Amino acid sequence: MIVDPYRLNNPFRRPRAASAGSSFGECRRLCGPGAGWLRIALVLAIGVLATPAALAGWSGDRGEPLPSTKLIDDALTYSSFSGQCSQTAFEVFATGNLAVVGGPVLGPGSTTLDGLPYDTYTLNLGSGPATFSTKFDRVFAAPLPSSSYEMVFTTRVLLGNVEQGVSVTTIRCSNGVASARNQAIPSAPSPIPAGGTAAWLVLALALASAAAARLRTLRG
């Protein structure tokens with residue numbers, strides 16, 4: 001066989017390009033089977049971290065409208081109580097204030113008498129905001145064993161099917177003297193929807209950690 005010395009010693013000769021198959025084999029030999037998962041996890045993590053900045057646009061500018069999640073602490077309150085009571089009945093007048101905007105607003109509720117369930121009711125509160133006169137009253141089927149008792153009215157304030165708050169009104173009769181108080185309780189906030197940037201970030205970091213652990217195991 002005749003060998004061309006020019007081709008052997010020529011410093012300007014281009015090296016032969018590696019084939020796709022040899023490159024793939026070299027990558028598998030050097031990187032190992034776990035490195036692919038590590039690269040995917042790192043790409044996911046970088047993409048998640050970069051996404052908020054890409055979507056932010058001009059800081060503070062107005063974006064697409066979102067469903068309102070604001071809760072009204074005083075959706076329904078009562079004040080200016082006055083009335084009378086006995087072992088057979090009570091009647092307490094009050095001023096109601098509905099702070100919910102829109103309607104119709106319904107108020108399903110229940111009562112307790114000295115801590116025990118007594119009855120249920122549903123108020124038709126109409127559209128808010130509104131201020132109105134009302135009263136709390138009950139006539140007992142039989143005289144109560146004591147002239148001192150406490151009845152609690154717990155009303156859920158619903159706009160459509162969304163609870164806006166809870167109104168708790170306590171009527172107390174103490175030896176024939178009536179008194180009352182009201183407490184407005186905010187509704188529990190809605191749970192955070194599944195997904196979103198935080199969830200994707202946690203997933204990406206979990207994938208990266210799992211891939212790194214797999215790579216250490218394979219190398220060991």
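Just so it is clear, the model here is predicted, and its values are computed rather than measured.
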Co-membership, hydrophobic cluster, residues Y121 and M151, 4.5 Å side-chain
yes

Under 3.5 Å donor-acceptor pairs involving side-chain atoms of residues 124-133, not counting sequence neighbours:
residue	atom	partner	partner atom	Å
T131	OG1	N97	OD1	3.1

Checking T154 now: which residues fulfil side-chain contact (heavy atoms from CB on, under 4.5 Å) with it, not counting sequence neighbours?
V152, V166, V168

Enumerate the residue pairs fulfilling disulfide bond (SG atoms under 2.5 Å apart) with a member in residues 96-186, sequence neighbours excluded, ordered by first and then second residue.
C85-C173

Nearest non-hydrogen partners of S146 and Q87, listed with the distance:
O-CG, 3.4 Å

Can you measure from OG1 (T170) to CZ (R181) and round to the nearest 0.5 angstrom?
4.0 Å

Return each pair, listed once, that meets disulfide bond (SG atoms under 2.5 Å apart) where at least one residue sits in residues 92-157; pairs must be two or more places apart or across chains.
none

Residues two or more places apart in sequence or in another chain: which of them pass ring pair (Phe, Tyr, Trp, His ring centres under 6.0 Å) with F136?
Y78, F153

Please name all residues satisfying side-chain hydrogen bond (donor to acceptor under 3.5 Å, both in side chains) with T88, sequence neighbours left out, ordered by chain then number.
S86

Greater than 12 external heavy atoms within 6.0 Å of E150's CD:
yes

Does any non-hydrogen side-chain atom of L158 lie less than 4.5 Å from one of V105?
no

Enter the distance from I185:CD1 to E163:CD here, rounded to the nearest 0.5 Å.
9.5 Å

Do L144 and L113 have side-chain heavy atoms sitting under 4.5 Å apart?
yes

Which atom of Q164 lies closest to which atom of S187, heavy atoms considered:
C-OG, 3.3 Å

V92 and D137, any side-chain heavy atoms less than 4.5 Å apart:
no

Taking every non-hydrogen atom, the tightest pair across A180 and I171
CB-CD1, 3.6 Å

Report yes or no: do L98 and F81 belong to one cluster of Ile/Leu/Val/Met/Phe/Trp/Tyr joined by side chain heavy-atom distances under 4.5 Å?
yes

side-chain hydrogen bond (donor to acceptor under 3.5 Å, both in side chains) partners for Q183, two or more places apart
none

From CZ (R156) to CG (L123), nearest 0.5 Å
12.5 Å

Minimal heavy-atom distance between G96 and T134, with the atoms involved, is N-CG2, 4.5 Å

Co-membership, hydrophobic cluster, residues Y149 and Y118, 4.5 Å side-chain:
yes

Tell me, please, which residues at least two apart from D119 pass salt bridge (Lys or Arg N to Asp or Glu O under 4.0 Å).
R138

Taking ring pair (Phe, Tyr, Trp, His ring centres under 6.0 Å) as the definition, give me every residue that meets it alongside F90, ordered by chain and number, with sequence neighbours left out.
none

Could you work out, with side-chain hydrogen bond (donor to acceptor under 3.5 Å, both in side chains) as the rule, every residue matching S147, not counting sequence neighbours?
N175

Cut-off 3.5 Å, side chains only: do S167 and N182 have a donor facing an acceptor?
yes

Can you tell me how far CG of L159 sits from CG of L106, rounded to the nearest 0.5 angstrom?
9.5 Å

Which residue pairs satisfy the disulfide bond (SG atoms under 2.5 Å apart) criterion with at least one member in residues 98-149, sequence neighbours excluded?
none

So, using side-chain hydrogen bond (donor to acceptor under 3.5 Å, both in side chains) as the criterion, who are the partners of E91 when residues are at least two apart?
K135

Main-chain N/O of S174 paired to S148 side chain as donor or acceptor, under 3.5 Å
no

